[in-house]
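Below is one structure, written out as structure tokens; the observations come after it.
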Amino acid sequence: MTKQPSTWDADEFGWFGGTGAWGGRFMPEALVAALDELTVAYAEAMADPEFVGAFESALVDYANVPSPLYEAKHLSEQYGVQILLKREDLNHTGAHKIRNVLGQALLTKRMGKTRVIAETGAGQHGVASATAAAYFGLDCTVYMGKVDTERQALNVARMELLGAKVVPVESGSATLKDAINEALRDWVASVDHTAYLFGTAAGPHPFPSMVRDFTRGIGDEARAQCLAKYGRLPDAIAACVGGGSNAIGLFTAFLDDADTAIYGYEAAGDGIETGRHAATIAAGGSGVLHGARTYVLQDEDGQTIESHSISAGLDYPGVGPQHAWLADSGRATYEGVTDAEAMAAFQLLARTEGIIPAIESSHALAGALRLAPKLAAEKGKDAILLVNLSGRGDKDMGTALDYFELASSKKGETK
Amino acid sequence: MTTTATAFARAKAEGRAALVGYLPAGFPDLDGSIEALKVMVEHGCDVIEIGLPYTDPVMDGPIIQAAAQQALDNGTRTKQVLQAVEAVAKAGAPTLVMTYWGPIERYGVEQFAADLANAGGAGLITPDITPDFGQEWIAAADAHDLDKVFLVAPSSTPARIAMTTAASRGFVYATGVMGVTGGKQATGDIVRPLIERTKATTDLPVGVGVGVSTGAQAAQFAQYADGVIVGSAFVRTLLEAPDRATGLRNLAALTEELAAGVRGRG
């Protein structure tokens, strides 16, 4: 659980890759005192064995962590390499996100604050935040784009059942980025007693580093599990990237393992060439969004462009600044995966392994399966390809139903 | 030419606070915003802030969000914001641009500073960068002789207030509430200590904005602040008017009320 400083880390101002490169803190002065307070409290907490122990206990006793590393035998046979799935879908609340919120909520208690706020897109981070708030006895308000509250009514019901207040956001495009804007507006006015449980490894310093450290257990566990079972490290690891919390959670343990290739898969939506996508690194430019310098989807005036993906969890026009640095430095490779590729992988995993993944995680799987033949050709059938199955697909059944019905009705028309 | 500094100095010499008025460029459209800002200058604004409309304005409440969205929906571009600056600056008031950082970074910081100076703009007010992350802007502003208006907040530590005022030029913007524009009203118990803490670190004028909308507030804050900054109230006046002519008449009346306020006649 201790933080291992490395060249991949941010400096004390939150810059990844050197002063002025990626990250930083582009924020109203009104929030700087709170961000400074959080930075200090977080560093002290991570150096305190009592805090670290309490976090570990919550993960193990409550969240069902460590998640297993499962060898997908049928897929492995089919693709000619050993495909290992890090089963974050089996965590409490169904995704890796519980790790981050338990860490941040525990820190909130330690700082003596009584209320948490969160933004959510599909509702997964909102549900995780409402869960952690219930577990630790904190008031919880979740901001969610109005469009998303309608698309994800079940998750709204889950959050309300858990005791959270859900506020539909109607400003701007009424989706995730606007929910973040509204949460920041709340925070400016409530910062004396409220903590902002940021849902991904993006935003102003210290969030990218803090969220990474609370989720890095994914990679720490997977690395140890792989070594224990196979006696060596994976040849390649893969994760989906929206804001990038599950990806940075997996990647961090492997950054200094030069023989492990690292792949991040962004949502290419209808295809990058259509302009309807969320492939921020693959198709965006350097800009400033939500407090950090990073890759952003923006027009030529620097206005944020709406992203598009079948996966609400990847539907974000920015990306965590450490990913920008990993891409820029060449340590990790980022590619797009279309809606169609992701949905094919979604269906394939269900049928070959009996696992219904989140559509987000299906992007990681689809990208990995595209990579597999190349890996097999280079390294043979013993090559190890480790994929982060960051969440389960229960929440996506409505989308899947629409998608596959639509696909079959289109087929019907062509007959 | 009247600069931000001379406008504040003139107000001080007259024994009053300066009135600073805000509207976003392109709201209700480009010509409409220029016309409205000229009305504000004619009726008593000493300094003008032109907002650069942005998709993600985290310091703004619903009123300014709505106006900025309307400006963006109208197709307002960064270059047109500079046109508005040029037109309003010619009307005689020092004209600053209030902008979030994303569009400036995209335009090119040095290029924007050069074009703003060429348009006769006085400088920038930057709500989401602080001097410790504003090095590039500070360098460009200094190279082009522009004002750098950074913000201090009730939550700012003494060290941060000192750091912020040391990096500022033109005036220092004290946010009167912990919150966004157009929301809760600023009150003396929060504003006065912040103004005093800020003035203790600098000879620059200190203006108070966010949560200031009435002549009575202007009169109250003018007792200890060097400037009173109003935005959402002007925007609301235009948003709520049944037609443009009425909107401009109401805007003139509000400007006069606030101008009387900064002269202690709230």
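Every chain is numbered from 1, with letters handed out A, B, ... down the list of sequences.
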CD-OG1 distance between B/Q135 and A/T19, expressed to the nearest 0.5 angstrom: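 OG1 of A/T19 is found 10.0 Å from CD of B/Q135.
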Reported CG-to-OG distance for the pair B/D56 and A/S171, which is rounded to 0.5 angstrom: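 It comes to 9.0 Å.
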Sort [X] into side chain, backbone, both or neither according to what part of it lies under 4.5 angstrom from a heavy atom of chain A.
| X | value |
| --- | --- |
| B/T175 | neither |
| B/D132 | neither |
| B/E136 | side chain |
| B/I104 | neither |
| B/Y54 | both |
| B/K79 | neither |

Closest approach of A/S286 to B/R106 (non-hydrogen atoms, all atoms of both residues):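 Here A/S286 and B/R106 meet closest at O-NH1, 4.5 Å.
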Please examine the side chains of A/Q303 and B/R77, heavy atoms only from C-beta on, and report whether any two atoms are closer than 4.5 Å.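 No - every pair of side-chain heavy atoms lies 4.5 Å or more apart.
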Minimum side-chain heavy-atom gap A/E182-B/V58 below 4.5 Å: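 Of all side-chain heavy-atom pairs linking B/V58 with A/E182, none is under 4.5 Å.
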Option that, when pairs with chain B are counted at under 4.5 Å, heavy atom only, ranks first among A/D299, A/V288, A/T304, A/D301: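 The option with the most such pairs is A/D301.
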Region of A/E300 in contact with chain B, defined by heavy-atom distances below 4.5 Å: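 For A/E300, the contact with chain B is made by backbone and side chain together.
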Non-hydrogen contacts under 4.5 angstrom with chain B: give the residues of residues 185-192 of chain A involved, or none if there are none.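 Listed by number, the contacting residues are A/R185, A/V188, A/A189, A/V191.
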Identify the residues of residues 21-40 of chain A whose heavy atoms come closer than 4.5 Å to a heavy atom of chain B, ordered by number, or report 'none'.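 The stretch touches chain B at A/G24, A/R25, A/F26, A/M27, A/P28, A/E29, A/A30, A/V32, A/A33, A/D36.
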Among B/P57, B/G61, B/A66, B/A68, which residue has the highest count of heavy-atom pairs closer than 4.5 Å to chain A?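 Maximum pair count with chain A is reached by B/P57.
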Hey, which of B/G183, B/P127, B/G134, B/G102 has the most heavy atom pairs under 4.5 Å with chain A?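 Option with the top pair count is B/P127.
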List in chain and number order the residues that pass ring pair (Phe, Tyr, Trp, His ring centres under 6.0 Å) with B/Y224, two or more places apart in sequence or in another chain; answer none if no residue qualifies.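 B/Y224 satisfies ring pair (Phe, Tyr, Trp, His ring centres under 6.0 Å) with no other residue.
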Which donor-acceptor pairs under 3.5 Å do side chains of residues 192-200 of chain B form with protein atoms, sequence neighbours excluded?
residue	atom	partner	partner atom	Å
B/R192	NE	B/E196	OE2	3.0
B/R197	NH1	B/S156	O	3.0
B/R197	NH2	B/P154	O	3.2
B/R197	NH2	B/S156	O	3.0
B/T198	OG1	B/L194	O	2.7
B/K199	NZ	B/D226	OD1	3.1
B/K199	NZ	B/D226	OD2	2.5

Derivation of the side-chain contact (heavy atoms from CB on, under 4.5 Å) call for B/T55 and A/K177: CA-CA 10 Å; B/T55 42; A/K177 79 170 179 70; 4.2 Å; yes
